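What you see is a predicted model; the values in this text were computed from it and never measured.
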Amino acid sequence: MEKSHSYFTGDFSTSLRFARNDENKSLNFIEAKVEEDLRNGKNAKRIQTRFPPEPNGYLHIGHAKAICLDFGIAKNYGGVCNLRFDDTNPTKENMEYVDAIKEDIQWLGYQWGNEYYASDYFQQLWNFAIELIKRGKAYIDEQSSEEIAAQKGTPTQPGTESPYRNRPIEESLELFNKMNSGEIEEGRMVLRAKIDMANPNMHFRDPIIYRVVKTPHHRTGTKWNAYPMYDFAHGQSDYFEGVTHSLCTLEFVVHRPLYDLFVDWLKEIRGEGDNMDDNRPRQTEFNKLNLNYTLMSKRNLLILVKEGVVNGWDDPRMPTICGFRRRGYTPESIHKFIDKIGYTTYDALNDFALLESSIREDLNACATRVAAVVNPVKLVITNYPEGQTEELEAINNPEDESAGSHKIEFSRELWIEKEDFMECPPNKYFRLTPGKEVRLKNAYIVKCTGCKKDENGEVVEVYAEYDPMTRSGMPEANRKVKGTIHWVSQAHCIKAEVRLYDRLWNVENPRDELARLQDEGNTPIEAMLRNISPMRNRSIISSSRE
RNA sequence: UGCCCAAUGGUGUAAUUGGCAACACGACUGACUCUGGAUCAGUAAAGUCUAGGUUCGAACCCUGGUUGGGCAACCA
């Protein structure tokens with residue numbers, strides 16, 4: 001087994017503003033188990049985890065939950081988390097996904113120790129399979145997949161044994177080599193572990209451990225034609241790498257006995273039979289993330305992308321990590337959210353509102369405020385000199401004094417939100433209304449004097465007079481005014497395209513149904529954004545409203 | 001009729017491991033007016049799926065049941 005090393009290069013405490021800041025928080029059941037293993041001196045007190053994505057799609061917010069656990073456990077207990085691509089199925093996997101996955105993990109603030117691939121172990125797994133055949137623990141089955149499925153039985157009925165189950169070892173050995181040499185067509189034969197066709201656990205009914213795939217592999221090319229199945233690759237890969245805690249989601253609970261059995265066999269073959277209980281990976285399962293109104297399955301996300309329902313994996317409506325990134329979510333907000341939902345063994349359905357509250361909480365603390373008018377109507381300050389411009393000051397973040405301020409321009413003609421003016425207002429309407437005063441944020445107190453309407457009765461211009469003694473900072477500015485509205489100067493703003501996205505799915509628990517997508521929410525709206533320069537590309541800003 | 005897992009306010013988690021059921025989100029009141037999707041003050045909301053048992057004492061341990069989830073890909 002490999003020696004343990006600390007591979008971490010970055011200082012997480014500074015790169016992640018909110019990482020693990022609540023020390024009083026109770027341990028989740030996995031952390032408790034890790035601490036117990038540490039107390040008991042398991043695995044020579046090493047902690048090693050892995051994040052094992054299959055490179056067949058982009059990472060989604062559910063993967064973020066697994067990433068935070070795999071990397072978080074390693075970080076919090078002085079261990080290492082490696083990245084291992086589970087690339088045992090060349091028909092679905094490619095390098096585009098490998099690169100995207102790495103980018104997303106790093107964006108979340110994590111750095112893996114080593115970058116491994118299950119395909120790195122194809123030779124070792126092959127040797128192990130050969131050894132199993134020699135020991136009478138695996139055999140080549142030449143039946144069709146239909147026949148094998150039929151013999152598997154059902155959850156309530158035992159299976160029946162394959163007629164090839166007890167064929168001579170030499171024969172299996174020879175055929176296994178042929179499976180890999182390219183002489184055997186896909187589907188013609190498989191290698192099966194000889195376990196127990198009557199076992200109540202379906203995964204023990206002589207599981208298929210190798211099959212023929214003729215599609216070239218994105219890393220090993222055409223070197224192999226026989227590829228190991230997940231169950232025959234994952235646990236052994238963990239073992240080869242020295243993983244101590246193999247964390248995965250609940251649907252793998254029923255796979256665990258098989259995971260353990262293959263590691264047992266491997267340890268026996270390697271002469272570690274006298275120490276079966278220690279120095280081996282242990283699988284622990286936690287609940288995967290379900291979000292209401294959100295479908296997480298990679299299969300269906302792929303369909304959305306391929307059929308053009310969305311504009312790519314990073315469409316802001318997608319629950320992918322890159323989608324949330326484009327939507328303006330910060331890594332910190334994702335961490336906050338993951339921290340709030342916790343890890344249990346209960347298959348929960350989380351409220352999307354909790355995720356939204358996490359990004360609001362984070363942005364409220366760190367985002368620079370910039371004025372934008374999304375649904376503009378013209379406001380003319382009739383007593384302000386034409387052609388005059390003055391510079392005013394606007395603080396960048398009311399929650400953070402150190403964030404400083406920026407200059408903004410004020411002039412006679414402004415844009416304000418349509419909904420910030422009402423000719424006949426209801427009670428408790430404190431915004432612009434004829435005869436009433438309102439404060440223009442960071443500028444003057446103005447009194448509304450009326451408006452102009454078009455032939456349809458639509459308000460096209462609003463008029464007001466300003467009080468020159470009430471500029472922000474002046475003593476008169478402290479006068480009590482019931483309402484404050486935001487604005488941008490017409491001569492000093494830029495047009496922006498705004499898209500107000502709604503949720504993609506309109507059923508609370510879509511699970512695996514693709515149907516009933518919302519089809520609205522992608523129509524651009526023209527908005528007015530105050531021109532701030534220089535504004536760094538991709539800065540995180542927050543409109544003061546909307 | 002199989003095997004495995006789970007169940008605590010509307011949602012998600014917690015309860016110093018057998019000792020007064022707490023926190024967050026959400027909802028609702030109200031206040032505040034240099035915005036607010038903020039802040040502040042407050043309210044409602046579970047008696048822990050159910051029936052027993054053990055115990056001075058059970059959300060927690062035991063037994064039966066109920067309900068939900070997972071398991072029968074040459075996917076992972």
Side-chain angles (χ1 to χ4, degrees), chain A residues 25-26 28 32 52-54 56-57 86-89 91-93 118 141 143-145 148-159 186-192 198-205 207-213 226-227 229-231 233-234 248-257 285 287 290 292 298-299 336-337 339-361 363-365 369 371 394-395 398-399 420 430-431 438-445 470 472-473 477-478 480-486 542-546:
Chain A
K25 208 182 160 192
S26 58
N28 65 48
E54 185 189 9
N56 68 344
D86 231 330
D87 56 348
T88 56
N89 184 2
T91 62
K92 291 185 178 174
E93 299 154 3
D141 196 337
Q143 298 182 101
S144 69
S145 61
I148 292 175
Q151 283 168 0
K152 202 142 205 176
T154 69
T156 53
Q157 288 173 314
E186 288 186 17
R188 284 291 308 283
M189 56 184 70
V190 292
L191 182 68
R192 291 227 257 168
N199 200 291
N201 184 337
M202 297 294 289
H203 298 278
F204 268 48
R205 325 248 260 227
I208 294 169
I209 56 177
Y210 263 90
R211 81 290 210 189
V212 175
V213 181
Y227 289 88
M229 301 281 290
Y230 167 85
D231 282 315
H234 201 98
C248 64
T249 47
L250 249 24
E251 67 266 31
F252 291 100
V253 168
V254 285
H255 293 249
R256 196 196 321 141
E285 311 84 8
N287 61 344
N290 296 308
N292 61 4
K298 265 201 279 189
R299 205 187 96 245
K336 274 172 180 286
F337 171 67
D339 207 45
K340 286 175 183 175
I341 60 174
Y343 297 88
T344 68
T345 54
Y346 171 71
D347 187 27
L349 180 60
N350 289 275
D351 197 336
F352 205 98
L354 191 60
L355 178 56
E356 290 174 333
S357 81
S358 300
I359 183 61
R360 265 189 255 116
E361 194 184 332
L363 252 27
N364 188 41
R369 268 57 160 188
I395 58 168
E399 307 288 319
D420 282 347
F430 297 131
R431 289 170 274 172
V438 79
R439 186 190 305 275
L440 295 177
K441 172 85 176 161
N442 296 314
Y444 295 94
I445 294 172
T470 60
S472 293
N478 294 330
K480 286 279 178 202
V481 181
K482 256 313 197 185
T484 302
I485 64 172
H486 64 279
S542 172
S543 151
S544 336
R545 189 145 111 200
E546 298 297 344

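- At least one side-chain nitrogen or oxygen of A:T88 sits closer than 4.0 Å to the OP1 or OP2 atom of B:A76.
- Here the side chain of A:S145 is nearest to one of B:U39, B:G26, B:C74, namely B:C74.
- Within the 4.0 angstrom heavy-atom criterion, base atoms lie near A:G473.
- OP1 and OP2 of B:U39 both lie 4.0 Å or more from every side-chain N or O belonging to A:R360.
- Among the nucleotides B:G70, B:A76, B:A73, the one closest to any side-chain atom of A:V254 is B:G70.
- Between A:R256 and A:E285, at least one side-chain N (NZ, or NE/NH1/NH2) sits under 4.0 Å from a carboxylate O, which counts as a salt bridge.
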Would you write out the dot-bracket form of RNA chain B, 5' to 3', with Watson-Crick and G-U pairs under 3.5 Å, [ ] for crossing pairs, | for pairs to other strands and . for unpaired bases? .((((((..((((.....[..)))).(((((.......))))).....(((((..]....))))))))))).....

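- Using a 90° window around 0 for the glycosidic torsion, B:G65 falls outside it and is classed as anti.
- Judged as a side chain to side chain contact (heavy atoms under 4.5 Å, CB included), and not counting sequence neighbours, the contacts of A:Q157 are A:T154.
- A glycosidic torsion no more than 90° from 0 defines the syn conformation, and B:U17 adopts it.
- Among the heavy atoms of the strands, none lies under 4.0 Å from A:V213.
- Between A:I395 and A:P52, the residue whose closest nucleotide on RNA chain B is further toward the 5' end is A:I395.
- For A:F337, there are no ring pair (Phe, Tyr, Trp, His ring centres under 6.0 Å) partners at least two apart in sequence or on another chain.
- The A:I148 side chain lies nearest to B:C74 when the options are B:A76, B:G37, B:C74.
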Which pairs, protein N/O on one side and nucleotides 41-49 of chain B N/O on the other, fall under 3.5 Å?
none

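- By the ring pair (Phe, Tyr, Trp, His ring centres under 6.0 Å) test, A:Y343 is found to be paired with A:F286, residues two or more places apart in sequence or in another chain being considered.
- At the heavy-atom level, A:K298 lies nowhere under 4.0 Å from the strands shown.
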Identify each atom pair where a protein N or O and an N or O of nucleotides 5-12 of chain B are less than 3.5 Å apart, giving names and distance.
{"unit_1": "B:U11", "atom_1": "O3'", "unit_2": "A:L349", "atom_2": "O", "d": "3.2"}
{"unit_1": "B:U11", "atom_1": "O2'", "unit_2": "A:L349", "atom_2": "O", "d": "3.4"}
{"unit_1": "B:G12", "atom_1": "OP1", "unit_2": "A:L349", "atom_2": "N", "d": "3.2"}
{"unit_1": "B:G12", "atom_1": "O2'", "unit_2": "A:I341", "atom_2": "O", "d": "3.2"}
{"unit_1": "B:G12", "atom_1": "O2'", "unit_2": "A:N350", "atom_2": "OD1", "d": "3.4"}

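- Put simply, NE2 on A:H234 and NE2 on A:H255 are 11.0 Å apart, with the number rounded to the nearest 0.5 Å.
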